Participant: 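Got a structure here, written out as structure tokens. Questions coming.
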Amino acid sequence: MIDKKNAEWWKSTVIYQIYPRSFKDSNGDGIGDLRGIIEKADYLAELGVGMVWLCPVYASPNDDNGYDVSDYYQINPEFGTMEDMEELSAELAKRGIKIMMDLVFNHTSDRHKWFIESRSSRDNPYRDFYIWKDPRADGSAPNNWRGYFNEPAWEYDETTGQYYLRLYTKSMPDLNWECRELREEVYKIIEWWADKGVAGFRMDTINTIGKDQRFPDAPEDAPDYVKGRPFFTNQPTMHDVLREMNERIFTPRSIVTVGECSASDIEETLLMVAEDRHELSMNHMFEHDELDFGPGGAWDIVPFTAAQLFDVIERWQTELPAGGGWNSWFWGNHDLPRPVSRFGNDGKYRERSAKLLAAIEFTILATPFVYQGEELGMTNAGFDSMEHYRDVDAFNYYKYAINEAGLSEEEALANLRYRSRDNARTPMQWDASEQAGFTDGTPWIEVNKNKDEINAEAQLADENSVFNFYKKAIALRAGTPALLFGDFVRIESGCEHAMVYERRFEDERVLVAVNMSDEPASLDKSIDFCGLEPVLDNALGPGNDLYRLEPWQAVIYK
Ligand code: NOJ
């Protein structure tokens with residue numbers, strides 16, 4: 001079991017995710033940068049976060065906004081210089097904030113020198129750094145796998161007459177983790193960043209680095225979306241690599257790690273994060289995120305209920321700790337819709353439901369990850385035509401939807417308005433000025449039209465804003481051992497769309513009641529509020545009936 005009293009620092013911190021391109025532009029080129037983040041260091045300190053996860057800032061041609069790395073030892077000039085990076089880390093350190101870097105090692109850019117070498121000839125020393133296979137007898141791809149962005153997973157390369165594997169775009173070839181030399185090169189890179197004082201790593205799509213070496217076809221009737229996924233997810237090679245990294249780099253330097261491991265259930269997650277496995281500190285689990293996936297995957301969008309969400313929360317909250325693992329929690333990130341538009345109500349109850357999401361996030365047993373703008377209750381961009389989109393995934397989906405899946409243009413656009421990653425990539429809304437205070441130039445992606453109503457300047461000045469609710473909830477969690485370490489115990493709420501749970505540690509007891517609905521909720525009269533006082537309430541001026549929750553009300557009692 002987890003030793004609560006001697007728990008590692010990262011269990012009681014809050015991690016704030018920055019998508020540098022969209023956070024703050026300091027030089028007017030329309031692209032956020034490192035000096036922009038430095039300008040906002042006080043803002044981060046005010047919110048109360050202890051670590052910043054920076055999405056990739058390495059050299060990159062930006063086919064996938066930095067997730068296609070061409071040199072891991074360089075900063076992308078659009079973002080600044082290595083000196084800026086050092087200054088950022090010093091400025092954050094002054095405020096007690098550590099840095100978590102994004103490690104992208106399932107693939108590189110095709111402009112990385114390893115790939116340039118690898119593709120040049122079959123006997124190049126770097127050939128084995130990537131996954132090359134002969135065509136089938138009829139010249140077609142080695143198998144029927146498909147990637148994450150609605151395309152086949154193999155790309156034919158004329159220079160040597162073989163296919164290479166690429167689970168994302170054709171400019172992002174997958175690395176071959178069976179190759180010892182590749183592993184050693186990657187470990188050097190990680191050590192180099194650790195030597196610079198980086199305290200944590202988020203490991204991009206780490207559970208796809210191992211591939212079933214038989215490279216079998218997926219069943220023909222498997223859906224197109226990531227076809228063949230079981231053959232390149234959670235394979236033994238991943239565990240082997242993680243143990244090696246952990247032993248050599250993470251444990252000796254007390255580095256915190258979080259894996260991005262979609263399609264992993266609790267059992268599979270425990271194999272990565274149970275303390276005695278010595279692999280990762282935490283995993284980003286996606287079960288709540290996948291509640292709206294139909295049988296056809298992410299773009300087969302289906303409705304889900306609050307009750308389903310509560311069950312997911314309860315299962316992870318109880319079963320992961322029981323197996324010796326520590327949870328992380330996020331509502332959104334740069335790949336997902338804005339949480340208030342998806343789990344909340346971004347119309348009439350926008351503020352209240354944004355606060356409710358915070359109330360849950362900071363009162364469950366987990367390290368919380370907040371994605372930029374969530375603390376303002378920012379909403380989906382809701383672009384209504386393709387000209388506004390910037391993401392390769394959006395373009396690929398649009399093509400696939402129209403040409404292969406037979407959807408109408410309107411249907412494809414409706415799916416994009418809900419699901420597209422660009423929804424959460426619009427610039428941070430700092431104030432109500434023309435470009436929301438993000439840039440003096442033309443932003444790389446349009447600012448959300450609601451910046452007058454939703455922006456940081458207004459919210460910092462308003463005691464009852466979403467920002468100030470986040471700030472209070474973060475402070476409450478930090479000062480309440482029961483919230484940090486107490487077991488999570490769900491209590492029968494008496495209402496399908498309300499969840500009630502308790503957290504206890506020694507003599508301290510905290511009770512949380514949330515209503516995820518536009519309708520009020522009547523709570524079960526057996527709930528014991530005895531000796532408890534409300535310490536945070538998002539509905540301001542609650543009635544005096546403890547057993548009734550207003551729409552989207554969340555109350556924390558202590
Ligand atoms: C997950 C990242 O979060 C996403 O943005 C990226 O496109 C893929 N991995 C590929 O690196």
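None of the values given here were measured: they were computed from a predicted structure. Numbers here simply count residues along the sequence, with the first being 1.
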Participant: Just say parallel, tilted or perpendicular for the rings of Tyr43 and Tyr16, cut-offs at 30° and 60°.
Facilitator: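 Taking Tyr16 first and then Tyr43, their aromatic rings stand perpendicular (interplane angle over 60°).
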
Participant: Counting C-beta onward and ignoring hydrogens, is there a side-chain heavy-atom pair between Thr480 and Leu484 closer than 4.5 Å?
Facilitator: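 Sidechains of Leu484 and Thr480: no contact.
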
Participant: Side chains of Ser420 and Asn423: does their closest heavy-atom pair fall under 4.5 Å?
Facilitator: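 A side-chain contact exists here, since the closest heavy-atom pair is under 4.5 Å.
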
Participant: For the rings on Tyr187 and Phe105, is their centre-to-centre separation under 6.0 Å?
Facilitator: no

Participant: Would Asp346 and Arg338 pass as an ion pair if we require N to O under 4.0 Å?
Facilitator: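 The answer is no: the pair does not qualify as a salt bridge.
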
Participant: Tell me which one of Asn538, Leu549, Leu532 satisfies side chain to side chain contact (heavy atoms under 4.5 Å, CB included) with Val555.
Facilitator: Leu549

Participant: Please determine if Lys94 and Asp42 form a salt bridge, counting it only when a charged side-chain N lies under 4.0 Å from a carboxylate O.
Facilitator: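 No.
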
Participant: Could you label the plane-to-plane angle of the Phe201 and Phe250 rings as parallel, tilted or perpendicular, counting under 30° as parallel and over 60° as perpendicular?
Facilitator: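 Ring orientation, 0 to 90° scale: tilted.
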
Participant: Answer yes or no: is there a side-chain heavy-atom contact under 4.5 Å between Met85 and Leu54?
Facilitator: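 Yes, close enough: below the 4.5 Å cut-off.
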
Participant: With a 4.5 Å cut-off on side-chain heavy atoms, are Asp212 and Gln235 touching?
Facilitator: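 Yes. Closest side-chain heavy atoms under 4.5 Å.
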
Participant: For Lys348, is the NZ atom crowded, meaning more than 12 foreign heavy atoms sit under 6.0 Å from it?
Facilitator: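 For Lys348, atom NZ is not crowded (no more than 12 foreign heavy atoms under 6.0 Å).
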
Participant: Below 4.5 Å, heavy atoms only, C-beta onward: do Gln17 and Ile15 meet side chain to side chain?
Facilitator: no

Participant: Taking only Lys NZ, Arg NE, NH1 and NH2, and the carboxylate oxygens of Asp or Glu, determine whether Glu275 and Arg277 approach each other closer than 4.0 Å.
Facilitator: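 No.
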
Participant: What do you reckon, is CG of Asp528 surrounded by more than 12 foreign heavy atoms closer than 6.0 Å?
Facilitator: yes

Participant: Between the main-chain N or O of Asp422 and the side-chain N or O of Asp391, is there a donor-acceptor pair closer than 3.5 Å?
Facilitator: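 No, Asp391 side chain to Asp422 backbone: no donor-acceptor pair under 3.5 Å.
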
Participant: Any donor-acceptor pair under 3.5 Å linking the side chain of Asp311 with the backbone of Gln308?
Facilitator: no

Participant: The test is salt bridge (Lys or Arg N to Asp or Glu O under 4.0 Å); show your working for Arg342 and Asp292 and say whether it passes.
Facilitator: CA-CA 9 Å; Arg342 186 190 197 187; Asp292 55 12; 2.9 Å; yes

Participant: Using the ring of each side chain (for Trp, its six-membered ring), is Tyr371 parallel, tilted or perpendicular to His334, with breaks at 30° and 60°?
Facilitator: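 Because their plane-to-plane angle lies in the 30° to 60° range, the rings of Tyr371 and His334 count as tilted.
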
Participant: Do the side chains of Ser264 and Asn234 get nearer than 4.5 Å, heavy atoms only?
Facilitator: yes

Participant: Quick one: does Ser353's side chain have a donor or acceptor within less than 3.5 Å of a partner on Trp552's backbone?
Facilitator: no

Participant: Please check if the distance between the ring centroids of Phe330 and Trp53 is under 6.0 Å.
Facilitator: no

Participant: In terms of ring plane angle, is the pair Phe293 and Tyr225 parallel, tilted or perpendicular, where the classes change at 30° and 60°?
Facilitator: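 Ring orientation, 0 to 90° scale: perpendicular.
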
Participant: Distance-only, no hydrogens or angles: does the Tyr349 side chain make a donor-acceptor pair with backbone N or O of Ser517 under 3.5 Å?
Facilitator: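 Looks like no, no N/O pair under 3.5 Å.
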
Participant: Is it the case that the ring center of Tyr67 lies less than 6.0 angstrom away from the ring center of Tyr168?
Facilitator: no

Participant: Counting distance only, does the side-chain N/O of Gln372 pair as donor-acceptor with the main-chain N or O of Tyr19 below 3.5 Å?
Facilitator: yes

Participant: Between Glu247 and Arg243, is there a salt bridge with N-O shorter than 4.0 Å?
Facilitator: no

Participant: Is the NZ or CZ atom of Lys40 both under 6.0 Å from the centre of the six-membered ring of Trp430 and within 45° of that ring's axis?
Facilitator: yes

Participant: Under 4.0 Å between a side-chain nitrogen and a carboxylate oxygen: does that hold for Glu287 and Arg315?
Facilitator: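 So Glu287 pairs with Arg315 through a salt bridge.
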
Participant: Between Arg419 and Asp335, is there a salt bridge with N-O shorter than 4.0 Å?
Facilitator: no

Participant: Strictly below 4.0 Å, N to O, side chains only: are Asp64 and Arg421 in salt-bridge contact?
Facilitator: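 Looking at Arg421 together with Asp64, the answer is yes, because their closest N to O distance falls below 4.0 Å.
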
Participant: Per the side chain to side chain contact (heavy atoms under 4.5 Å, CB included) rule, which among Asn246, Val273, Thr257 passes with Ser281?
Facilitator: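 Result for side chain to side chain contact (heavy atoms under 4.5 Å, CB included) with Ser281: Thr257.
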
Participant: With a sphere of 6.0 Å drawn around CD of Glu508, does it hold more than 12 non-hydrogen atoms of other residues, nucleotides or ligands?
Facilitator: yes

Participant: Are Lys211 and Glu178 within salt-bridge range, i.e. N to O under 4.0 Å?
Facilitator: no

Participant: Return yes if some donor-acceptor pair links the side-chain N/O of Arg183 with the main-chain N/O of Val241 below 3.5 Å, else return no.
Facilitator: no

Participant: With a 4.5 Å cut-off on side-chain heavy atoms, are Arg490 and Gln317 touching?
Facilitator: no

